[in-house]
Amino acid sequence: MVRVHYWWNRTKLASSKSYAAGLGLDSRKSVFAGVEAGQYQFNQPYNLDDNLDAGGAPMNAIATLGADFVSSDYANKTDDAAQRDVFDRERRWWTGSSAGATTPEGTWKGISKYVAERSVISGTTFATSFNTGHGLSTWTRGRLSSPKEWGNINLQDIPVTWQWWIDAARTPLSADFDYGPAYTPASRFSYQKIGAYNGGSSLVLSGTLDGDNTVRLYKTDLQVTKGSTLDLTYTKPSASDDSELRLGLVLASDPSKVVQLPLAGSGQRTTGWTTRSVDLSAYAGQRVAALGLVVAAGARPIQGYQVNLGALALRDDKDRTPAAPQDLRITQLLPETGELFLSWKRAGYDKVRRYDVYLDDTYLGGIYDDVYYVKRFTATSGTIRLVAVGPDGSESPAATTSFDLSTAPAKVKAAAGPDGTLTASWTPPANGRAVTLKVQSLDTSRPYSKEVELPGTSTGTTLTGVPANGDGYLLTLRAGPGTATTVRGKFADTEIAPYPASAVKISGNTFTFSRPTLADWHTLTILEDGQAKSFATTYGSGAKPYIIRGRTTRAAETVTMSSAGSKVVAVLEDYAGNKATTVLRGN
């Protein structure tokens, strides 16, 4: 990969393309025209038009340094009410669009002007809830399922390709992501804040509807089957009128035309979310190049029009509803720190796109994985529900597992001693059932496990012979068949393995040191006849009398000794202060 110096121009970019071609390289994969995003922001001295050839195609790729300036360099970035401005800045950097901004900055045209749209949306199914991967609340099928602010990139739907591409005969509607009543949109918007159908956001179109609006949403390469349907879930809080929603398809066979599929009665005001479906069987065998929406105007201009798009799903003629997840387990429940760990058996991505986790009916989060961690979990009883979501948005029956901390030992504490002991204490539950205590190392490369059974009246015990290597451990207590409760800690650290002589290469009087493999090593001191050698560090920290983890440069780890007959010793020290000495040369 080559990044072109920042003082490029059209001639130099053309030369770079030719040079790459002479090496057998694709210049759009190997040569990058650098743009100082963070320094110049929207007032760029670069003209990316210079990277376009005579036919308008980019000659080389583009590299933007510091594109996070849209948030990090914004004066009000910590103000929740100003996040709408961050969204505008981000959209403007990538698409050149900041519709409605009253004080546009600079003349930046947006990265998308120079990069053709591409998409991962293919196959015969597609589903989106217009979820941006964060929110001020969470909704499940239009019901508020969590009032907490959140951010989770695992839950982000494929972003809308064009933000925003709206063709209107007269006044275009405004588009925004609606995060619900707690959100403060830009002042140019006056829509009713609804929130999401699923997740944290919906897509809202609002304004004066005085002509048809064609809203292009997603670049796709989808195949229509004989059983294909396209479903739109929406809510229209504005008054009933003679407008009409029409699903819009651009077929690969005729990319200049938008096929409009009307949703009858969609001009009526709704009292909540509603789903309408259209049959696509007439287009079986065709490929859909783009998906969108047409908002058809009525006979007269409609003031204060609003519609929120909650979900869009293309389904084929197969039932793709996932099976209920298997082997859902609470692997760790830690009341003392308010944490929860779950696990289950994960299905293939062709069958499941993500798993949604609920405590009863309260949404906890989602992920495509076979484990999930909840950071702030304070419930004392309830049922964990796990739902698998398919590639077409369909949902499986829920897998469930229940817990009740009133049946578990409470106020569990544990401490490890340097003598290889582990002392634990707890308050026993009222049921008087025998208590099973298990301690196990979290380092699977150095496994350790011990389990004992104690009377139900026990309030503590001391285990002997546990490791003293500093590894993390998990201590689990269960009274009879009740809910298990867990605490984590670290064994005392009194052990250290010496630096192996085989880790250094010696050529004459030159020593090249490999970095220690010890998990918790901190420094490696090299002594020549009792004097510490000096090692350069990164970030201008100056030379140190040892190799320091994460700071010593690779070049500095090769040292020439001053005398061929000198004694060379390596002293390895870990973060706990344990030291081990290895003689590398001499007696």
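As the structure is a prediction and not an experimental result, all values here were calculated from the model.
No donor-acceptor distance shorter than 3.5 angstrom exists from the side chain of Tyr372 to the backbone of Ile367, with no hydrogens or angles considered. Panel note: side chain Gln306, backbone Gln192; a donor-acceptor pair is recorded below 3.5 Å. Without hydrogens or angle criteria, Asn152 side chain to Gly366 main chain gives a donor-acceptor distance under 3.5 Å. Remark: side-chain polar atoms of Thr486 are not paired, donor with acceptor, to backbone N or O of Gln332 under 3.5 angstrom. Of the possible donor and acceptor atoms, none in the side chain of Lys77 sits under 3.5 Å from a partner among the backbone N and O of Val86. Side-chain atoms of Ser202 never come within 3.5 Å of backbone atoms of Tyr197 as a donor-acceptor pair (strictly under, hydrogens ignored). A donor-acceptor distance shorter than 3.5 angstrom exists from the side chain of Thr483 to the backbone of Asp404, with no hydrogens or angles considered. A donor-acceptor distance shorter than 3.5 angstrom exists from the side chain of Lys193 to the backbone of Tyr183, with no hydrogens or angles considered. A donor-acceptor pair under 3.5 Å is formed between the side chain of Asp443 and the backbone N or O of Ser445. Using modelled atom types, one side-chain atom of Ser266 and one backbone atom of Leu245 make a donor-acceptor pair closer than 3.5 Å.
In terms of heavy atoms, Ala408 sits closest to Pro429 at O-CB, 3.8 Å. Among all heavy-atom pairs drawn from Ile194 and Pro181, the shortest one is O-CD, 4.4 Å. Counting all heavy atoms, side chain and backbone alike, Leu144 lies closest to Ser137 at CD1-CB, 3.6 Å. Considering all non-hydrogen atoms of both residues, Gln83 and Asp79 come closest at NE2-O, 3.1 Å. The two residues Val387 and Tyr358 come nearest to each other via the heavy atoms CG2-CE1, 4.3 Å. The minimum heavy-atom distance linking Leu364 with Ile384 is given by the pair CD1-CD1, 4.3 Å.
Put simply, CG on Asn131 and OG1 on Thr138 are 8.0 Å apart, with the number rounded to the nearest 0.5 Å. Going from atom CZ of Arg269 over to atom OG of Ser240 covers 7.5 Å, rounded to the nearest 0.5 Å. Separation of atoms CG (Leu173) and CG (Leu205) is listed at 6.0 Å; rounding is to 0.5 Å. Expressed to the nearest 0.5 Å, how far CZ of Arg433 lies from CZ of Arg478 amounts to 11.5 Å. Separation of atoms OH (Tyr355) and CG (Asn154) is listed at 13.5 Å; rounding is to 0.5 Å.
Counting heavy atoms from C-beta on, the side chains of Leu230 and Leu249 come closer than 4.5 Å. Side-chain atoms of Leu314 and Thr125, non-hydrogen and from C-beta on, never get closer than 4.5 Å to each other. Annotation: side chain of Phe126 is not in contact with side chain of Val288 (no heavy-atom distance under 4.5 Å). In this structure, the side chains of Thr459 and Pro428 come closer than 4.5 Å at one or more pairs of heavy atoms. Within the 4.5 Å cutoff, side-chain heavy atoms of Ser243 are placed close to those of Ile302. Within the 4.5 Å cutoff, the side chain of Leu333 has no heavy atoms near those of the Thr485 side chain. The shortest side-chain heavy-atom distance between Asn213 and Pro172 falls under the 4.5 Å cut-off. By the 4.5 Å heavy-atom criterion applied to side chains, Thr124 and Arg320 are counted as neighbours.
Every salt bridge (charged side-chain N to carboxylate O under 4.0 Å, His left out) that Asp356 has, sequence neighbours left out, goes to Arg354. Partners of Trp150 by ring pair (Phe, Tyr, Trp, His ring centres under 6.0 Å), not counting sequence neighbours: none found. Evaluation of the ring pair (Phe, Tyr, Trp, His ring centres under 6.0 Å) rule for Tyr74 yields no partner, not counting sequence neighbours. Listed by chain and number, the residues in a ring pair (Phe, Tyr, Trp, His ring centres under 6.0 Å) with Phe69 are Phe42, Trp93 (sequence neighbours excluded).
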Assess the residue pair Ser119 and Tyr218 against the criterion (side chain to side chain contact (heavy atoms under 4.5 Å, CB included)); give the C-alpha distance rounded to whole Å, side-chain angles, the decisive distance to 0.1 Å, and a yes or no. CA-CA 8 Å; Ser119 178; Tyr218 294 99; over 6 Å; no

Are Leu437 and Trp426 close enough, and set up right, to give a side chain to side chain contact (heavy atoms under 4.5 Å, CB included), and what steps lead you there? CA-CA 11 Å; Leu437 180 151; Trp426 60 88; 3.9 Å; yes

For the pair Tyr448 and Lys450, evaluate side chain to side chain contact (heavy atoms under 4.5 Å, CB included) and give the outcome as yes or no after the intermediate values. CA-CA 7 Å; Tyr448 171 83; Lys450 187 171 187 178; 3.4 Å; yes

Would Leu474 and Arg488 satisfy side chain to side chain contact (heavy atoms under 4.5 Å, CB included), going step by step from the backbone distance to the final call? CA-CA 5 Å; Leu474 196 68; Arg488 285 178 304 194; 3.2 Å; yes

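No donor-acceptor contact under 3.5 angstrom links the side chains of Asp178 and Tyr191, judged on distance only. No donor-acceptor contact under 3.5 angstrom links the side chains of Trp94 and Gln163, judged on distance only. If you check the side chains of Thr270 and Thr235, you find a donor sitting under 3.5 Å from an acceptor.
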In residues 273-285, what donor-acceptor pairs under 3.5 Å come from side-chain atoms, sequence neighbours left out?
residue: Thr275; atom: OG1; partner: Thr233; partner atom: OG1; Å: 2.7
residue: Arg276; atom: NH1; partner: Ala264; partner atom: O; Å: 2.1
residue: Ser277; atom: OG; partner: Asp231; partner atom: OD1; Å: 2.6
residue: Asp279; atom: OD1; partner: Ser281; partner atom: N; Å: 2.8
residue: Asp279; atom: OD1; partner: Ser281; partner atom: OG; Å: 3.0
residue: Asp279; atom: OD2; partner: Ser281; partner atom: OG; Å: 3.2

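A ring pair (Phe, Tyr, Trp, His ring centres under 6.0 Å) check over residues 393-413, counting only residues at least two apart or in different chains, returns the pairs Phe377-Phe403.
Between Arg188 and Asp88, at least one side-chain nitrogen of the basic residue sits less than 4.0 Å from a carboxylate oxygen of the acidic one, meeting the salt-bridge criterion. Here Arg141 pairs with Glu395 in a salt bridge; the nearest charged N to carboxylate O distance falls below 4.0 Å. Comment: Asp370 engages Arg346 in a salt bridge, judged by a side-chain N to carboxylate O separation of less than 4.0 angstrom. A salt bridge between Asp254 and Lys257 is absent, with no side-chain N of the basic residue lying under 4.0 Å from a carboxylate O of the acidic one.
Shown are Thr128, Asp157, Leu203, Leu293; of these, the side-chain contact (heavy atoms from CB on, under 4.5 Å) with Leu312 is made only by Thr128. The only option from Thr362, Asp361, Leu359 that meets the side-chain contact (heavy atoms from CB on, under 4.5 Å) definition with Arg385 turns out to be Asp361.
For Lys351, the NZ atom counts as loosely surrounded, since its 6.0 Å shell holds 12 or fewer non-hydrogen atoms of other residues, nucleotides or ligands.
Geometrically, Arg89 does not engage Phe87 in a cation-pi contact defined by less than 6.0 Å to the ring centre and at most 45° from the axis.
Using cut-offs of 30° and 60° on the angle between ring planes, the pair Trp162 and Trp165 is perpendicular.
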